[in-house]
Amino acid sequence: MSQFLGIAFQPYVGRWTGTPPNATTPWWNSYSQQDIVRMLEVIASKFNKICTYGMGYAGYHQPTTPWDQVDSNCRVALAAAQLNQQRGQVVIEVAQGIYQQLPNAALQQAEIKAAFSAAIAANAVYPNTVTSFVFTNEYVVNAETTNAVNAMIVANKQKARSLNIKVGVRSHTFGNIANPNSPFYNELKTLIQNCDFILCNLYPALNTATPIEGVNGVAQAFNTIKTAVAAIKPQCEVMIGETGWSSQGISFNNTANNVQNLLAYYKAIDKWAFEQKVTTYLFEAFDEPWKSNQNAQVPPENPWSGPNGAEGHYGLWYLNDQGKYTEKRA
């Protein structure tokens with residue numbers, strides 16, 4: 001188990017039932033805290049850190065909904081603390097996601113407030129379970145959204161630090177910080193100055209032939225970002241928030257997707273993360289079937305968005321026909 005390799009996690013692993021166009025997956029709130037503990041027990045066999053995406057607030061929740069009564073994501077931190085308490089040590093460390101709910105300011109504030117409540121509750125069950133807040137997921141795409149996330153960081157970082165929790169941002173756009181001509185370079189610079197860390201989502205480039213080439217390309221992109229960030233704020237830790245290779249389906253980067261390549265990529269990125277001492281989160285712990293939409297009418301230009309899409313097949317484990325979490329093997 002590499003101390004530098006973690007994994008992204010959402011508890012949405014239920015399989016499709018029924019026939020398209022009326023096939024369904026389980027509801028977002030259908031996974032109990034104990035269900036999530038069982039998933040985390042599987043994860044803990046290989047990883048000691050997870051990164052989540054949000055607390056579960058969305059347009060169908062009122063901002064006044066108690067934080068622990070929204071969807072199953074709200075239970076992840078407490079489930080991790082429960083597992084840590086059972087084991088008598090931190091076997092799963094949580095980077096708690098905070099999803100973007102803008103322009104609904106009330107929902108956004110509910111999401112942030114819930115993240116604090118969940119972290120406080122989890123760390124009361126077992127200290128140091130939640131160690132960081134990750135503000136938004138791939139929302140930083142222009143000057144306006146960068147400023148919005150920066151405002152969240154500025155408004156909440158002192159409270160977070162008082163709880164010994166770091167603050168940072170996940171985005172796929174941090175490559176722009178290496179380009180002074182980027183239309184939101186200055187906004188990114190300000191954001192980085194206010195962060196304890198950034199999480200860069202980096203995947204193998206289009207048509208990458210092999211997992212080793214994929215890791216080399218990701219490493220090159222990462223080092224470019226890291227150099228640029230070091231010139232702005234050396235204390236800001238640069239990490240990889242998502243990277244991976246699908247085991248099947250058509251992916252946005254048109255790689256050869258099979259279990260053998262997924263496992264080879266996992267092994268190679270683990271080796272790189274350990275050698276370079278870079279915290280890296282794989283995407284993802286479990287296959288999430290809902291992401292490969294069985295009901296979608298797929299336009300030819302976006303084959304990855306429908307039933308044959310790879311998005312639901314990046315996991316190291318999947319839920320088999322007997323309801324068991326099963327490790328993928330070549």
Side-chain angles (χ1 to χ4, degrees), residues 1-2 5-18 23-54 56 71-97 122 126 129 241-249 251 257-267 269-270 280-294 307 309-330:
M1 181 186 295
S2 170
L5 200 65
I7 200 158
F9 172 62
Q10 296 185 111
Y12 303 144
V13 304
R15 298 161 66 88
W16 286 91
T17 57
T24 60
T25 55
W27 290 99
W28 305 125
N29 63 351
S30 62
Y31 302 93
S32 69
Q33 183 170 318
Q34 198 55 47
D35 289 335
I36 299 168
V37 171
R38 285 193 289 270
M39 295 182 209
L40 293 176
E41 287 175 330
V42 174
I43 292 172
S45 67
K46 289 186 179 294
F47 301 93
N48 60 14
K49 53 178 68 67
I50 61 170
C51 194
T52 72
Y53 289 92
D71 78 31
S72 299
N73 261 321
C74 72
R75 303 188 180 99
V76 173
L78 271 175
Q82 183 180 337
L83 180 60
N84 291 340
Q85 184 184 55
Q86 290 171 3
R87 300 283 181 89
Q89 60 179 315
V90 177
V91 295
I92 291 288
E93 176 185 308
V94 180
Q96 175 61 58
Y126 203 87
T129 294
E242 268 188 21
T243 193
W245 194 294
S246 184
S247 62
Q248 68 182 79
S251 54
N257 296 321
N258 54 58
V259 174
Q260 183 176 349
N261 281 345
L262 177 150
L263 296 176
Y265 188 83
Y266 157 52
K267 182 178 179 180
I269 200 73
D270 186 17
T280 299
Y281 292 93
L282 280 178
F283 182 78
E284 57 194 347
F286 300 95
D287 279 357
E288 296 179 10
W290 70 277
K291 292 181 176 177
S292 298
N293 190 351
Q294 300 302 296
E311 189 77 2
H313 303 286
Y314 279 84
L316 286 181
W317 294 274
Y318 65 96
L319 188 66
N320 69 15
D321 292 334
Q322 290 74 46
K324 302 293 185 182
Y325 300 117
T326 306
E327 186 177 350
K328 293 179 182 177
R329 298 186 184 276

Roughly how far, to the nearest 0.5 Å, is [atom2] of [Y] from [atom1] of [X]?
| X | Y | atom1 | atom2 | result |
| --- | --- | --- | --- | --- |
| E311 | N293 | CD | CG | 12.0 Å |
| C51 | E284 | SG | CD | 13.0 Å |
| F47 | L316 | CZ | CG | 5.0 Å |
| I7 | E242 | CD1 | CD | 11.0 Å |
| L40 | Q33 | CG | CD | 10.0 Å |

Measure across [X] and [Y] and return the closest heavy-atom pair with its distance rounded to 0.1 Å.
| X | Y | value |
| --- | --- | --- |
| A23 | Q294 | CB-CB, 4.4 Å |
| P307 | S292 | O-CB, 4.0 Å |
| A310 | N257 | CB-ND2, 4.0 Å |
| I36 | P11 | CG1-CB, 3.9 Å |
| Y126 | A81 | CB-O, 3.7 Å |
| S45 | V42 | OG-O, 2.6 Å |

Side chains of [X] and [Y]: closer than 4.5 Å at any heavy-atom pair?
| X | Y | result |
| --- | --- | --- |
| W317 | D287 | no |
| V94 | F9 | no |
| D71 | W27 | no |
| R75 | Y31 | no |

Can you sort out the partners of [X] under side chain to side chain contact (heavy atoms under 4.5 Å, CB included), two or more places apart, ordered by chain and number?
| X | result |
| --- | --- |
| S247 | V259, L262, H313, K328 |
| Q10 | Y12, Y53, N73, E288, W290, K291 |
| T17 | T24 |

*Is there any side-chain hydrogen bond (donor to acceptor under 3.5 Å, both in side chains) pair reaching into residues 258-267, and which pairs are they, with sequence neighbours excluded?*
T243-Y265
*Could you walk me through whether T280 and D270 pass the side chain to side chain contact (heavy atoms under 4.5 Å, CB included) test, one step at a time?*
CA-CA 8 Å; T280 299; D270 186 17; over 6 Å; no
*Counting distance only, does the side-chain N/O of T52 pair as donor-acceptor with the main-chain N or O of G97 below 3.5 Å?*
yes
*Does the W16 side chain pair with the main chain of P289, one donor and one acceptor, at a distance under 3.5 Å?*
yes
*Going through the distances and angles, do F286 and I43 end up as a side chain to side chain contact (heavy atoms under 4.5 Å, CB included)?*
CA-CA 9 Å; F286 300 95; I43 292 172; 3.7 Å; yes
Extract all donor-acceptor atom pairs below 3.5 Å that involve side chains of residues 85-93 and protein atoms in other chains or at least two apart in sequence.
from: E93; atom 1: OE2; to: T131; atom 2: OG1; distance (Å): 3.1

_If the condition is ring-ring contact (aromatic ring centres under 6.0 Å, His included), which residues does Y318 pass it with, not counting sequence neighbours?_
none
